[in-house]
Every structure is written in C-alpha cells, then in structure tokens.
Amino acid sequence: MKLAADLESMFSAEKIAQRVRELGAQIERDYQGKDLVLLGVLKGSYIFISDLARAIDLPLSVDFIGLSSYGEATESSGVVKITSDLSRPIEEKHVLIVEDIVDTGLTMRYLLDNLATRHPASVKLVTLLHKPSRSRTRIRIDYLGFQIEDRFVVGYGLVAAEKYRNVPFIGELKHG
Ligand code: IMP
Ligand code: MG
C-alpha cells in the first residue's frame with residue numbers, strides 16, 4: 001500500500017511550494033542587510049526550512065534546536081526540554097525561528113523565553129501552520145503559511161507516531 005493512501009490531502013505539494021515562495025520573498029524584503037539566522041525546530045520543520053532557505057535570496061546561516069515536550073505524545077505539556085542545542089551563539093544575530101506548526105503555543109513560549117536570554121538582535125517566528133483554536137498562550141506569529149482548524153495533520157515533515165514525515169503534501173488521516 002502507498003504511504004499516503006490513508007491520507008486526505010489538505011495542502012498539495014504545489015500549494016505549499018507557492019506559499020513557501022511567497023513567505024521567502026517577504027522575508028527577503030524584511031531582512032535586507034541583516035545578519036540572519038534561520039533556526040529550525042527539529043524534527044518537524046526540516047523540510048519546510050530546506051525549501052524556505054532556498055526561497056530567500058540573501059546570505060544567511062541555518063541552525064537547529066531539538067525540543068521535546070514531556071508528557072503524552074499528542075498534547076503539549078508546556079514542560080519542554082532541549083534535546084539538541086544550537087551549534088553557535090546567536091548574540092547580535094537576527095534570529096528567525098522556523099516551525100512546522102503552532103498548536104497550543106507552549107513549545108514556542110518556552111523557546112522564545114529561552115532565546116531571549118542569549119541576547120539576539122531580534123527574534124521572529126515563521127510557522128507553516130497555525131491552529132488558533134488550540135492556543136493556550138499568546139504567541140506573535142510574524143509569518144504564517146496557513147491557518148487550520150483543530151485537525152491533526154501529517155506530511156511535509158509532520159508525523160503521527162513517526163510516520164508520514166516524508167509525504168510531500170499535508171493531509172489528514174482518513175477515519176474508518
Ligand atoms: P504546541 O507546543 O502545542 O504548540 O505544539 C508544538 C508541536 O506539537 C509542534 O511543533 C508539532 O511538532 C506538534 N504538533 C502539534 N499539532 C500537530 C499536528 O496536527 N500534527 C503533527 N504534529 C503536531
Ligand atoms: Mg515543531
């Protein structure tokens with residue numbers, strides 16, 4: 001059976017590519033002449049960040065941070081641990097966090113607070129997806145791909161139990 005056979009498409013690969021190009025163009029305009037670091041949150045953002053980086057025609061560096069939430073798998077507990085830290089300091093740098101999805105916002109709240117202690121020149125957030133109905137803390141999203149309803153989505157880096165990460169589109173699990 002095909003990997004994506006039990007998925008209902010929500011955003012096609014073409015639609016995602018189009019939106020990523022638009023976000024890249026916007027970011028390119030905003031970061032002219034600035035020392036930009038794209039900071040990908042592992043592992044969910046790895047496909048998004050690789051496409052987004054190629055849509056920004058500016059010198060930039062790429063780094064990653066691994067975060068994991070304590071507690072059960074499907075709901076963020078808000079208690080976050082760093083499983084893999086940045087490889088370089090971000091002092092005086094313009095940091096753009098690249099996230100796959102902001103759900104409750106608790107992971108982002110932790111990351112924003114943590115990064116602030118490292119004295120970057122600025123910190124902004126680009127997220128491909130946002131579920132505003134699930135929000136539990138106020139997070140400013142500077143660049144947004146798509147807003148979605150309270151649905152669990154997979155593909156394009158996002159998983160359910162480590163599956164579907166390499167599906168080229170974003171979809172929902174079909175029921176039944
Ligand atoms: P938050 O802390 O509740 O905002 O959740 C953040 C993380 O939960 C995201 O970065 C994802 O890794 C994961 N997550 C939240 N919703 C989904 C979803 O619909 N599909 C896959 N992963 C999700
Ligand atoms: Mg994530």
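If you're wondering where the values come from, they're calculated on a predicted model, not measured in any experiment. Every number for a ligand or one of its atoms is a count from 1 in the order of the listing. Atoms considered below: every heavy atom in the structure, side chains included; atoms not considered: hydrogens, waters and symmetry mates.
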Lys131, portion touching ligand 1 at heavy-atom distance under 4.0 Å: side chain

Within 6.0 angstrom of Gln18 CD, more than 12 heavy atoms from elsewhere: yes

Proximal heteroatom of Asp100 relative to the Mg ion (ligand 2) (N/O/S): OD1

Proximity winner for atom 18 (C) of ligand 1, if only heavy atoms of Tyr164, Tyr110, Phe152 are counted: Phe152

Proximity to ligand 1 by part of Glu99, non-hydrogen separation under 4.0 Å: side chain

Check against side-chain contact (heavy atoms from CB on, under 4.5 Å), Phe48 and Leu128: CA-CA 7 Å; Phe48 179 39; Leu128 184 62; 3.9 Å; yes

Glu99, N/O/S atom nearest the Mg ion (ligand 2): OE1

Proximal ligand 1 atoms for Val153, defined as those under 4.0 Å from one of its heavy atoms: 18 (C), 19 (O), 20 (N), 21 (C)

Ligand 1 contact by Gly44, heavy-atom criterion under 4.0 angstrom: no

NZ/NE/NH1/NH2 to OD/OE distance under 4.0 Å, Lys174 and Asp6: no

Asp85 atom CG, over 12 foreign heavy atoms within 6.0 Å: yes

Criterion side chain to side chain donor-acceptor pair (under 3.5 Å) on Ser45 and Asp100, from CA distance to verdict: CA-CA 5 Å; Ser45 75; Asp100 52 358; over 6 Å; no

Nearest non-hydrogen partners of Arg21 and Ala55, listed with the distance: CA-CB, 4.2 Å

Closest candidate by heavy atom, reference atom 22 (N) of ligand 1, pool Thr137, Leu158, Asp100, Leu106: Leu158

Any Val159 heavy atom less than 4.0 Å to ligand 1: yes

Arg151 touching ligand 1 at heavy-atom level, < 4.0 angstrom: yes

Residue Lys131 excluded, over 12 heavy atoms near NZ under 6.0 Å: yes

Options Ile101, Thr104, Val41, ranked by nearest heavy atom to atom 9 (C) of ligand 1, top entry: Ile101

Trace of the side chain to side chain donor-acceptor pair (under 3.5 Å) decision for Asn166 with Tyr156: CA-CA 6 Å; Asn166 54 323; Tyr156 197 74; over 6 Å; no

